[in-house]
2 protein chains.
Amino acid sequence: MPKFISNNKVYYTPVEYVLSKVGGTYKMPLLWRLKDQGKRFSELKNSFERISDRMLSKSLKELVDDQFLAKKVFAEIPVRVEYHITEKGKRAIPIISSLRDYGFQLINEDGIQIEP
Amino acid sequence: MPKFISNNKVYYTPVEYVLSKVGGTYKMPLLWRLKDQGKRFSELKNSFERISDRMLSKSLKELVDDQFLAKKVFAEIPVRVEYHITEKGKRAIPIISSLRDYGFQLINEDGIQIEP
DNA sequence: CCGTATCCAACATGATACTG
DNA sequence: CAGTATCATGTTGGATACGG
(Lines give C-alpha, C1' and ligand atoms only; values in the text may rest on other atoms or scores of the structure.)
Protein backbone atom coordinates (compact mmCIF):
# COMPACT_ATOMS: atom_id res chain seq x y z
CA MET A 1 0.00 0.00 0.00
CA PRO A 2 1.15 3.52 -0.71
CA LYS A 3 1.90 5.92 2.12
CA PHE A 4 2.20 9.69 2.08
CA ILE A 5 3.54 12.08 4.62
CA SER A 6 2.42 15.70 4.71
CA ASN A 7 2.71 18.13 7.59
CA ASN A 8 3.84 15.40 9.95
CA LYS A 9 0.67 13.42 9.33
CA VAL A 10 0.66 10.05 7.61
CA TYR A 11 -1.92 9.20 4.98
CA TYR A 12 -2.40 5.68 3.70
CA THR A 13 -4.80 6.15 0.80
CA PRO A 14 -5.36 8.86 -1.82
CA VAL A 15 -8.99 9.04 -0.72
CA GLU A 16 -7.89 9.81 2.81
CA TYR A 17 -5.70 12.63 1.52
CA VAL A 18 -8.47 14.16 -0.58
CA LEU A 19 -10.92 14.09 2.31
CA SER A 20 -8.37 15.73 4.58
CA LYS A 21 -8.30 18.64 2.13
CA VAL A 22 -11.89 19.03 0.94
CA GLY A 23 -13.81 16.72 3.26
CA GLY A 24 -15.98 17.76 6.15
CA THR A 25 -19.45 19.24 6.04
CA TYR A 26 -18.82 22.53 4.26
CA LYS A 27 -15.73 22.57 2.10
CA MET A 28 -17.06 20.94 -1.06
CA PRO A 29 -20.40 22.78 -0.81
CA LEU A 30 -18.42 26.03 -0.49
CA LEU A 31 -16.27 25.31 -3.54
CA TRP A 32 -19.43 24.41 -5.44
CA ARG A 33 -21.07 27.73 -4.57
CA LEU A 34 -17.98 29.60 -5.74
CA LYS A 35 -17.35 27.71 -8.96
CA ASP A 36 -18.77 30.43 -11.25
CA GLN A 37 -18.43 33.73 -9.38
CA GLY A 38 -16.82 35.18 -6.29
CA LYS A 39 -18.99 35.73 -3.24
CA ARG A 40 -18.83 37.66 -0.01
CA PHE A 41 -18.66 36.16 3.46
CA SER A 42 -22.23 37.24 4.17
CA GLU A 43 -23.52 35.86 0.87
CA LEU A 44 -21.97 32.50 1.62
CA LYS A 45 -23.35 32.58 5.11
CA ASN A 46 -26.86 33.26 3.84
CA SER A 47 -26.59 30.50 1.25
CA PHE A 48 -26.54 27.88 4.00
CA GLU A 49 -29.61 27.40 6.14
CA ARG A 50 -27.40 27.04 9.14
CA ILE A 51 -23.68 27.47 9.59
CA SER A 52 -21.88 29.18 12.42
CA ASP A 53 -19.58 32.13 11.78
CA ARG A 54 -16.87 29.98 13.26
CA MET A 55 -17.25 27.08 10.83
CA LEU A 56 -17.66 29.33 7.80
CA SER A 57 -14.58 31.31 8.76
CA LYS A 58 -12.57 28.20 9.56
CA SER A 59 -13.53 26.34 6.39
CA LEU A 60 -12.81 29.35 4.17
CA LYS A 61 -9.47 29.94 5.87
CA GLU A 62 -8.35 26.36 5.30
CA LEU A 63 -9.47 26.43 1.67
CA VAL A 64 -7.51 29.65 1.18
CA ASP A 65 -4.45 28.24 2.97
CA ASP A 66 -4.59 25.16 0.73
CA GLN A 67 -5.02 27.43 -2.33
CA PHE A 68 -8.39 26.17 -3.43
CA LEU A 69 -9.71 29.69 -2.87
CA ALA A 70 -8.30 33.20 -2.97
CA LYS A 71 -9.40 36.00 -0.67
CA LYS A 72 -9.77 39.59 -1.73
CA VAL A 73 -10.23 42.37 0.81
CA PHE A 74 -11.65 45.73 -0.25
CA ALA A 75 -10.66 48.59 2.03
CA GLU A 76 -14.14 50.04 2.21
CA ILE A 77 -16.13 50.92 5.26
CA PRO A 78 -17.53 48.63 6.28
CA VAL A 79 -14.94 46.24 4.90
CA ARG A 80 -15.91 43.99 1.98
CA VAL A 81 -14.33 40.58 1.50
CA GLU A 82 -14.70 38.35 -1.53
CA TYR A 83 -13.71 34.75 -2.03
CA HIS A 84 -12.85 33.42 -5.48
CA ILE A 85 -12.06 29.95 -6.72
CA THR A 86 -8.49 29.38 -7.96
CA GLU A 87 -7.20 27.20 -10.80
CA LYS A 88 -6.40 24.53 -8.25
CA GLY A 89 -9.90 24.81 -6.86
CA LYS A 90 -11.40 24.51 -10.34
CA ARG A 91 -9.77 21.13 -10.76
CA ALA A 92 -11.86 19.87 -7.83
CA ILE A 93 -15.15 20.92 -9.41
CA PRO A 94 -15.70 17.89 -11.70
CA ILE A 95 -15.18 15.60 -8.70
CA ILE A 96 -17.60 17.58 -6.57
CA SER A 97 -20.07 17.56 -9.44
CA SER A 98 -20.08 13.79 -9.71
CA LEU A 99 -20.21 13.38 -5.94
CA ARG A 100 -23.26 15.65 -5.91
CA ASP A 101 -24.94 13.68 -8.67
CA TYR A 102 -24.22 10.46 -6.85
CA GLY A 103 -25.57 12.03 -3.67
CA PHE A 104 -28.89 12.82 -5.28
CA GLN A 105 -28.98 9.31 -6.72
CA LEU A 106 -28.39 7.79 -3.28
CA ILE A 107 -31.01 10.01 -1.68
CA ASN A 108 -33.41 8.80 -4.35
CA GLU A 109 -32.52 5.12 -3.93
CA ASP A 110 -32.90 5.44 -0.19
CA GLY A 111 -36.37 6.91 -0.67
CA ILE A 112 -35.64 10.09 1.20
CA GLN A 113 -38.02 13.02 0.92
CA ILE A 114 -36.49 16.35 -0.01
CA GLU A 115 -38.16 19.17 1.87
CA PRO A 116 -38.94 22.40 0.04
CA MET B 1 -31.25 24.97 -0.33
CA PRO B 2 -32.48 21.42 -0.29
CA LYS B 3 -32.87 19.58 2.98
CA PHE B 4 -33.13 15.86 3.63
CA ILE B 5 -34.12 13.96 6.70
CA SER B 6 -32.93 10.41 7.29
CA ASN B 7 -32.86 8.54 10.57
CA ASN B 8 -33.74 11.65 12.52
CA LYS B 9 -30.71 13.43 11.19
CA VAL B 10 -30.92 16.47 8.93
CA TYR B 11 -28.66 16.81 5.90
CA TYR B 12 -28.38 20.04 3.98
CA THR B 13 -26.34 19.03 0.94
CA PRO B 14 -26.06 15.88 -1.20
CA VAL B 15 -22.32 15.86 -0.53
CA GLU B 16 -22.99 15.76 3.19
CA TYR B 17 -25.28 12.78 2.68
CA VAL B 18 -22.76 10.85 0.59
CA LEU B 19 -20.00 11.44 3.10
CA SER B 20 -22.23 10.23 5.92
CA LYS B 21 -22.56 6.93 4.04
CA VAL B 22 -19.14 6.31 2.53
CA GLY B 23 -16.99 8.97 4.17
CA GLY B 24 -14.46 8.44 6.90
CA THR B 25 -11.03 6.91 6.65
CA TYR B 26 -11.83 3.36 5.58
CA LYS B 27 -15.18 2.98 3.84
CA MET B 28 -14.23 4.00 0.30
CA PRO B 29 -10.87 2.20 0.48
CA LEU B 30 -12.77 -0.92 1.60
CA LEU B 31 -15.27 -0.73 -1.26
CA TRP B 32 -12.38 -0.21 -3.63
CA ARG B 33 -10.62 -3.34 -2.39
CA LEU B 34 -13.80 -5.35 -2.85
CA LYS B 35 -14.81 -4.05 -6.25
CA ASP B 36 -13.68 -7.14 -8.17
CA GLN B 37 -13.76 -10.06 -5.73
CA GLY B 38 -14.96 -10.94 -2.26
CA LYS B 39 -12.45 -10.95 0.56
CA ARG B 40 -12.21 -12.28 4.08
CA PHE B 41 -11.96 -10.18 7.23
CA SER B 42 -8.32 -11.14 7.67
CA GLU B 43 -7.46 -10.41 4.04
CA LEU B 44 -8.94 -6.94 4.38
CA LYS B 45 -7.15 -6.40 7.64
CA ASN B 46 -3.82 -7.34 6.09
CA SER B 47 -4.42 -5.07 3.11
CA PHE B 48 -4.18 -2.01 5.35
CA GLU B 49 -0.88 -1.20 7.00
CA ARG B 50 -2.70 -0.28 10.14
CA ILE B 51 -6.34 -0.60 11.09
CA SER B 52 -7.75 -1.78 14.35
CA ASP B 53 -10.09 -4.78 14.50
CA ARG B 54 -12.61 -2.40 15.91
CA MET B 55 -12.54 0.06 13.01
CA LEU B 56 -12.50 -2.67 10.38
CA SER B 57 -15.43 -4.43 12.03
CA LYS B 58 -17.37 -1.21 12.51
CA SER B 59 -16.80 0.05 8.97
CA LEU B 60 -17.76 -3.30 7.42
CA LYS B 61 -20.87 -3.53 9.57
CA GLU B 62 -22.08 -0.10 8.53
CA LEU B 63 -21.41 -0.82 4.85
CA VAL B 64 -23.38 -4.05 5.18
CA ASP B 65 -26.23 -2.30 7.03
CA ASP B 66 -26.36 0.32 4.28
CA GLN B 67 -26.29 -2.44 1.64
CA PHE B 68 -23.07 -1.45 -0.06
CA LEU B 69 -21.67 -4.83 0.95
CA ALA B 70 -23.06 -8.30 1.65
CA LYS B 71 -21.66 -10.64 4.26
CA LYS B 72 -21.42 -14.39 3.80
CA VAL B 73 -20.60 -16.68 6.69
CA PHE B 74 -19.28 -20.20 6.05
CA ALA B 75 -19.97 -22.63 8.90
CA GLU B 76 -16.49 -24.04 8.89
CA ILE B 77 -14.12 -24.43 11.77
CA PRO B 78 -12.62 -21.99 12.23
CA VAL B 79 -15.37 -19.85 10.76
CA ARG B 80 -14.80 -18.14 7.41
CA VAL B 81 -16.47 -14.83 6.57
CA GLU B 82 -16.48 -13.17 3.19
CA TYR B 83 -17.54 -9.69 2.18
CA HIS B 84 -18.82 -8.99 -1.32
CA ILE B 85 -19.80 -5.79 -3.04
CA THR B 86 -23.49 -5.41 -3.92
CA GLU B 87 -25.13 -3.78 -6.94
CA LYS B 88 -25.64 -0.68 -4.82
CA GLY B 89 -21.99 -0.77 -3.84
CA LYS B 90 -20.92 -1.08 -7.46
CA ARG B 91 -22.64 2.18 -8.28
CA ALA B 92 -20.23 3.91 -5.89
CA ILE B 93 -17.13 2.57 -7.64
CA PRO B 94 -16.89 5.14 -10.48
CA ILE B 95 -17.07 7.93 -7.89
CA ILE B 96 -14.39 6.34 -5.75
CA SER B 97 -12.28 5.81 -8.85
CA SER B 98 -12.35 9.48 -9.79
CA LEU B 99 -11.76 10.55 -6.19
CA ARG B 100 -8.71 8.29 -6.12
CA ASP B 101 -7.40 9.72 -9.37
CA TYR B 102 -7.93 13.21 -8.07
CA GLY B 103 -6.19 12.22 -4.85
CA PHE B 104 -3.06 11.11 -6.69
CA GLN B 105 -3.19 14.32 -8.72
CA LEU B 106 -3.38 16.43 -5.56
CA ILE B 107 -0.56 14.50 -3.92
CA ASN B 108 1.48 15.19 -7.00
CA GLU B 109 0.61 18.89 -7.16
CA ASP B 110 1.43 19.24 -3.48
CA GLY B 111 4.83 17.67 -4.11
CA ILE B 112 4.35 14.87 -1.62
CA GLN B 113 6.72 11.93 -1.66
CA ILE B 114 5.13 8.50 -1.81
CA GLU B 115 7.03 6.04 0.32
CA PRO B 116 7.63 2.53 -0.94
C1' DC C 1 -19.20 43.54 7.97
C1' DC C 2 -16.08 40.01 8.94
C1' DG C 3 -14.37 37.68 11.60
C1' DT C 4 -11.74 35.38 16.44
C1' DA C 5 -11.88 33.42 21.36
C1' DT C 6 -13.76 30.44 24.41
C1' DC C 7 -16.12 26.64 26.03
C1' DC C 8 -18.58 22.41 25.25
C1' DA C 9 -20.93 18.24 23.20
C1' DA C 10 -20.65 14.64 19.93
C1' DC C 11 -18.20 11.63 17.19
C1' DA C 12 -14.17 9.16 15.03
C1' DT C 13 -10.41 6.51 15.86
C1' DG C 14 -6.95 3.79 18.43
C1' DA C 15 -5.12 0.25 22.07
C1' DT C 16 -5.89 -3.49 24.58
C1' DA C 17 -8.12 -7.35 26.32
C1' DC C 18 -11.42 -10.83 25.87
C1' DT C 19 -14.94 -14.44 23.41
C1' DG C 20 -17.83 -17.87 20.32
C1' DC D 1 -10.88 -16.62 12.62
C1' DA D 2 -13.76 -12.95 13.30
C1' DG D 3 -15.17 -10.26 15.92
C1' DT D 4 -17.04 -7.21 20.70
C1' DA D 5 -16.22 -4.47 25.10
C1' DT D 6 -14.00 -1.05 27.31
C1' DC D 7 -11.33 2.87 27.92
C1' DA D 8 -8.65 6.81 26.24
C1' DT D 9 -7.64 10.54 22.99
C1' DG D 10 -8.14 13.72 19.25
C1' DT D 11 -10.98 16.12 16.07
C1' DT D 12 -15.24 18.37 14.39
C1' DG D 13 -18.74 21.29 14.83
C1' DG D 14 -22.08 24.32 17.50
C1' DA D 15 -23.27 28.45 20.76
C1' DT D 16 -22.17 32.57 22.43
C1' DA D 17 -19.78 36.62 23.15
C1' DC D 18 -16.55 39.94 21.79
C1' DG D 19 -13.22 42.85 18.59
C1' DG D 20 -11.04 45.48 14.32
Side-chain angles (χ1 to χ4, degrees), chain A residues 6-13 15-17 19-30 33-34 38-66 69-84, chain B residues 6-13 15-17 19-30 33-34 38-66 69-84:
Chain A
S6 175
N7 286 75
N8 287 330
K9 198 189 169 321
V10 188
Y11 302 89
Y12 292 86
T13 69
V15 167
E16 188 185 357
Y17 187 73
L19 293 185
S20 78
K21 294 299 181 186
V22 295
T25 308
Y26 302 112
K27 286 183 176 177
M28 287 196 276
L30 279 171
R33 278 162 174 72
L34 291 166
K39 288 191 196 299
R40 306 177 61 164
F41 188 91
S42 50
E43 288 182 278
L44 291 167
K45 180 156 172 74
N46 292 330
S47 77
F48 288 91
E49 289 197 18
R50 49 87 222 227
I51 188 175
S52 57
D53 287 346
R54 182 180 170 283
M55 283 313 297
L56 179 55
S57 169
K58 192 164 172 292
S59 304
L60 286 170
K61 186 172 178 19
E62 288 170 14
L63 288 170
V64 169
D65 288 348
D66 287 332
L69 294 180
K71 176 179 178 174
K72 200 167 177 186
V73 181
F74 297 85
E76 305 172 357
I77 297 178
V79 65
R80 179 162 60 104
V81 177
E82 276 186 11
Y83 292 90
H84 295 265
Chain B
S6 175
N7 287 74
N8 287 332
K9 199 189 167 323
V10 188
Y11 302 90
Y12 292 86
T13 69
V15 167
E16 188 184 358
Y17 188 73
L19 293 184
S20 78
K21 294 299 179 185
V22 296
T25 309
Y26 302 112
K27 286 184 176 177
M28 288 196 274
L30 279 171
R33 278 160 175 72
L34 291 166
K39 288 190 195 301
R40 308 177 58 164
F41 188 90
S42 51
E43 288 183 277
L44 291 167
K45 181 157 169 75
N46 292 331
S47 77
F48 288 91
E49 289 196 20
R50 48 84 222 232
I51 186 174
S52 57
D53 286 346
R54 184 180 170 282
M55 282 313 296
L56 179 56
S57 170
K58 192 166 174 291
S59 303
L60 287 170
K61 186 172 178 17
E62 288 171 12
L63 287 170
V64 169
D65 287 349
D66 287 333
L69 294 180
K71 176 178 179 173
K72 200 168 178 184
V73 181
F74 297 86
E76 305 171 357
I77 297 179
V79 65
R80 179 161 61 101
V81 177
E82 276 185 13
Y83 292 90
H84 295 265

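The structure presented is a predicted model; accordingly, all values stated were derived computationally and were not measured. Order of the sequence lines fixes the chain letters, A, B, ..., with proteins taken first and strands second; residue numbering starts at 1 for each chain.
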Check your understanding: Quick one: is A:Tyr26 getting a side-chain N or O under 4.0 Å of the D:dG14 phosphate, OP1 or OP2?
Key -> yes

Point to revise | Below 4.0 Å: OP1/OP2 of D:dT4 and any side-chain N or O of B:Ser57 | key: yes

Check your understanding: How many Å lie between CD1 on B:Ile51 and C1' on D:dA2, as a whole number?
Key -> 14 Å

Check your understanding: Would you say B:Glu16's side chain and B:Tyr12's backbone share a donor-acceptor pair under 3.5 angstrom?
Key -> yes

Practice item. Check the distance between D:dG14's C1' and A:Lys45's NZ and give it to me in whole angstrom. Key: 11 Å

Practice item. May I ask you to evaluate whether B:Arg40 reaches the phosphate of D:dA2, defined as a side-chain N or O under 4.0 Å from OP1 or OP2? Key: yes

Review point. For atom CG of B:Asp65, is the number of surrounding heavy atoms from other residues, nucleotides or ligands below 6.0 Å larger than 12?
Key: yes

Check your understanding: How many angstroms lie between atom NZ of A:Lys27 and atom OG of A:Ser20, to the nearest 0.5 angstrom?
Key -> 7.5 Å

Check your understanding: Is A:Lys71 touching bases, backbone alone, or none of the nucleic acid, heavy atoms closer than 4.0 Å?
Key -> sugar-phosphate

Review point. Donor-acceptor pair, A:Ser59 side chain versus A:Met55 backbone, under 3.5 Å?
Key: yes

Point to revise | A:Lys45 (side chain) donor-acceptor with A:Ile51 (main chain) under 3.5 angstrom | key: yes

Review point. Rounded to whole angstroms, how far apart are CD on B:Glu62 and P on D:dT4?
Key: 11 Å

Study note, to complete from the structure: When rounded to whole Å, the CD to C1' distance for the pair A:Glu16 and D:dT11 reads 14 Å

Review point. Taking atom P of D:dT12 as reference, at what distance in whole Å does atom CG of A:Leu19 sit?
Key: 12 Å

**Study point:** Rounded interatomic separation in angstrom, taking CD from B:Glu82 and C1' from D:dC1
**Key:** 13 Å

Review point. Contact boundaries of DNA chain C with chain A (under 4.0 Å, heavy atoms), 5' to 3'?
Key: C:dC1 to C:dT6

Point to revise | Length of the line joining A:Arg54:CZ and D:dT11:C1', which is rounded to integer Å | key: 10 Å

Check your understanding: Rounding to a whole Å, what distance do you find between B:Asp53:CG and D:dT4:C1'?
Key -> 10 Å

Check your understanding: Would you say a side-chain N or O of B:Arg80 is under 4.0 Å from OP1 or OP2 of D:dA2?
Key -> no

Check your understanding: Quick one: is the NZ or CZ of B:Arg33 closer than 6.0 Å to the six-membered ring centre of B:Phe48, and within 45° of its axis?
Key -> yes

Exercise for review: Would you classify A:Tyr83 as touching base, sugar-phosphate or nothing, given that sugar-phosphate means primed atoms plus P, OP1 and OP2, and contacts are heavy atoms under 4.0 Å?
Suggested key: sugar-phosphate

Exercise for review: May I ask you to check if A:Lys72 and A:Phe74 form a cation-pi contact, with NZ or CZ under 6.0 angstrom from the six-membered ring centre and within 45° of the axis?
Suggested key: no

Review point. If you find the nucleotide of DNA chain D closest to B:Val79 and the one closest to A:Ser59, which residue's nucleotide is nearer the 5' end?
Key: B:Val79

